[in-house]
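I have placed the structure first, in the form of structure tokens, so that the comments after it can refer back to it.
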Amino acid sequence: MIRYILNGLPIGAIYALVALSYSFIYAASGVLNWSQGDMVMLGAYIGFTVYQILNLGFVPAFFISMLAVAIVGIGIQRFILRPLRKSNAPAINVTIATLGASIIIRNLALMIWGPDAQLFPFPVSNKPISMGSLSITPQDILIVLIGILLMIIFQYFLKKSKEGKALRAVAQDRYAAVLMGIDTEQSDRSAFGLSAAIGAVAGILIAPIFFVTFNMGAGIGLKGFVSAVVGGLGSVPGSIAGGFFIGIVESVAGGKISSGYRDAITYTLLILVLWLRPTGLFLKKRKQKV
Amino acid sequence: MLEIKGISASYGATEVLHEVSLKIEKNKITTLIGGNGAGKSTTLNCIMGIVKATKGSIILDGKDITKLRTPEIVKLGISLIPEGRHIFPNMTVMENLEMGAYSRKDSKAELKNDIDSILDFFPILKTRYKQLAGTMSGGEQQMLAIGRSLMGNPQVILMDEPSMGLAPIVVEEVFNIIDKIQGMGKTILLVEQNATLALNYADYGYVIELGNIALEGTGKELLSNPEVEKAYLGL
Ligand SMILES: Nc1ncnc2c1ncn2[C@@H]1O[C@H](COP(=O)(O)OP(=O)(O)OP(=O)(O)O)[C@@H](O)[C@H]1O
Ligand SMILES: [Mg+2]
């Protein structure tokens with residue numbers, strides 16, 4: 001059992017980041033952005049283009065990928081969200097428009113990187129380290145550590161920095177935030193840029209364990225979204241917990257039952273949560289946002 | 001001085017303000033009274049640039065601010081304490097006060113100093129500065145909303161029904177505070193349904209009905225006006 005829990009941590013950390021990106025953008029801008037999964041894909045491709053093709057190094061790959069994908073996210077805010085907000089479009093229209101953006105991004109990725117699936121290993125050993133009956137690879141440890149580090153930095157940004165507090169204010173009460181003099185155009189931009197950058201990191205982290213393809217965003221995006229809903233959509237800590245939870249459930253289900261039932265179990269869980277605890281598993285009664 | 005000159009405003013195709021004009025004198029309390037749906041909140045949201053005026057102009061100390069965006073209007077020193085308070089529920093009292101100072105460029109030390117003096121001004125907040133604002137009582141939340149507005153160091157404060165939903169003793173406390181704030185040299189536009197109380201404190205008042213200014217006069221004049229008495233003061 002402990003073995004499967006341990007094995008679920010790396011993918012759990014990745015789900016947690018994707019869930020966090022969905023929830024944060026949703027809380028801070030009110031938009032469910034369906035292109036979040038494609039930010040993960042772009043992050044993976046850009047990161048490893050920088051790392052393996054341009055040979056600029058592993059650490060720079062993170063930063064360049066985050067920056068490039070953040071610019072894509074800001075582009076979506078600028079060219080999709082902003083015009084639709086100006087014309088007072090209902091939220092559902094914005095969400096559908098992000099779905100359109102998602103398809104366009106996938107097709108561009110297909111044109112740039114081609115149809116073949118790729119695996120990008122990390123520059124660390126993939127040989128398991130054993131501790132009794134348990135074993136974990138240095139690569140997995142690195143994935144979990146980088147994921148957790150980013151979550152801590154992000155949480156710190158939200159709680160301590162002026163801009164982070166402003167984003168929380170917008171998430172809690174957009175009208176009141178405007179009255180404080182917060183520019184919601186700017187906060188939308190930050191929400192889209194930051195969420196995209198978080199997605200990019202998830203992409204680099206998933207690349208060594210999951211095939212990178214132009215349409216991988218659909219799968220990882222959906223898993224991240226499910227994690228967010230299970231943990232509490234709109235809540236950053238809830239979504240992080242949701243991501244680890246789904247990652248571990250999948251690993252345990254795959255190991256103890258059968259990997260063929262893994263997705264069925266995940267989605268059954270989603271339906272149960274929507275039915276029995278629609279605010280998410282980990283939230284207190286009072287709806288707690290970022 | 002803040003001058004509203006013949007502004008109109010609409011929601012969709014429905015015009016709800018029809019060429020409303022108000023003069024809000026410096027360092028005075030001006031009140032705007034009227035019944036439900038008369039257009040009081042809309043007037044305040046127009047001043048803040050949240051609802052766009054379709055006609056007329058809003059002039060602050062000779063500067064036309066009608067077309068400015070809300071963040072710029074806040075920077076010029078106008079603050080709205082909204083109807084229903086709208087404190088940030090999952091932030092502490094302290095963080096709410098910090099948000100009030102969002103548009104200020106002053107140093108951390110200066111802001112800290114101002115937070116301390118706000119906490120001295122509102123003893124009720126002082127003991128609770130770490131509490132999540134959403135868990136406080138209505139009266140406490142109203143004090144916080146006022147304190148948060150003061151943190152922005154505004155010259156003009158617009159208050160939308162600060163007495164709404166509060167026990168009479170708390171209402172009295174709120175009005176005492178409004179009085180003190182005027183004493184600090186602030187200019188106040190007070191929107192109220194509690195007309196008697198508002199007119200008692202106000203230097204000048206306007207009555208709005210269905211989006212039109214129906215009457216105006218000093219607080220005393222309006223209090224003794226038979227029409228006002230019949231419509232807003234009588235029981
Ligand atoms: N967001 C909105 N969308 C559409 N109509 C609105 C909106 N806000 C207000 N109205 C309408 O505009 C008119 C004026 O409303 P407003 O809120 O300004 O009145 P008020 O004087 O503040 O009333 P109250 O004392 O109840 O707060 C009303 O007819 C109201 O129904
Ligand atoms: Mg109102």
Please determine whether the number of non-hydrogen atoms from other residues, nucleotides or ligands lying under 6.0 Å from atom [atom1] of [X] exceeds 12.
X	atom1	value
A:F63	CZ	no
B:Y129	OH	no
B:L210	CG	no
A:Y156	OH	no
B:K52	NZ	yes

Minimum-distance pair of heavy atoms, taken over all atoms of [X] and [Y]:
X	Y	result
A:A169	B:F88	O-CE2, 3.4 Å
B:P71	A:G181	CB-O, 3.4 Å
B:V74	A:V178	CG2-O, 4.3 Å
B:M99	A:A166	CE-CA, 3.7 Å
B:G100	A:M180	CA-SD, 3.7 Å

Under 4.5 Å from any heavy atom of chain A - which part of [X]:
X	answer
B:M48	side chain
B:I50	side chain
B:R85	neither
B:E98	side chain
B:N45	side chain

Value rounded to 0.5 Å, distance of OH in B:Y102 from CG in A:L179:
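The distance works out to 14.0 Å.
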Would you mind reporting whether A:T184 and B:T70 have side-chain heavy atoms less than 4.5 Å apart?
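They are not in contact (no side-chain heavy atoms under 4.5 Å apart), so the answer is no.
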Contacting moiety of A:Q186, where chain B heavy atoms sit under 4.5 Å
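For A:Q186, there is no contact with chain B at all, as no heavy atom is under 4.5 Å.
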What I want to find out is whether B:E95 reaches A:R168 closely enough, with some N-O distance under 4.0 Å, to be called a salt bridge.
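Looking at A:R168 together with B:E95, the answer is yes, because their closest N to O distance falls below 4.0 Å.
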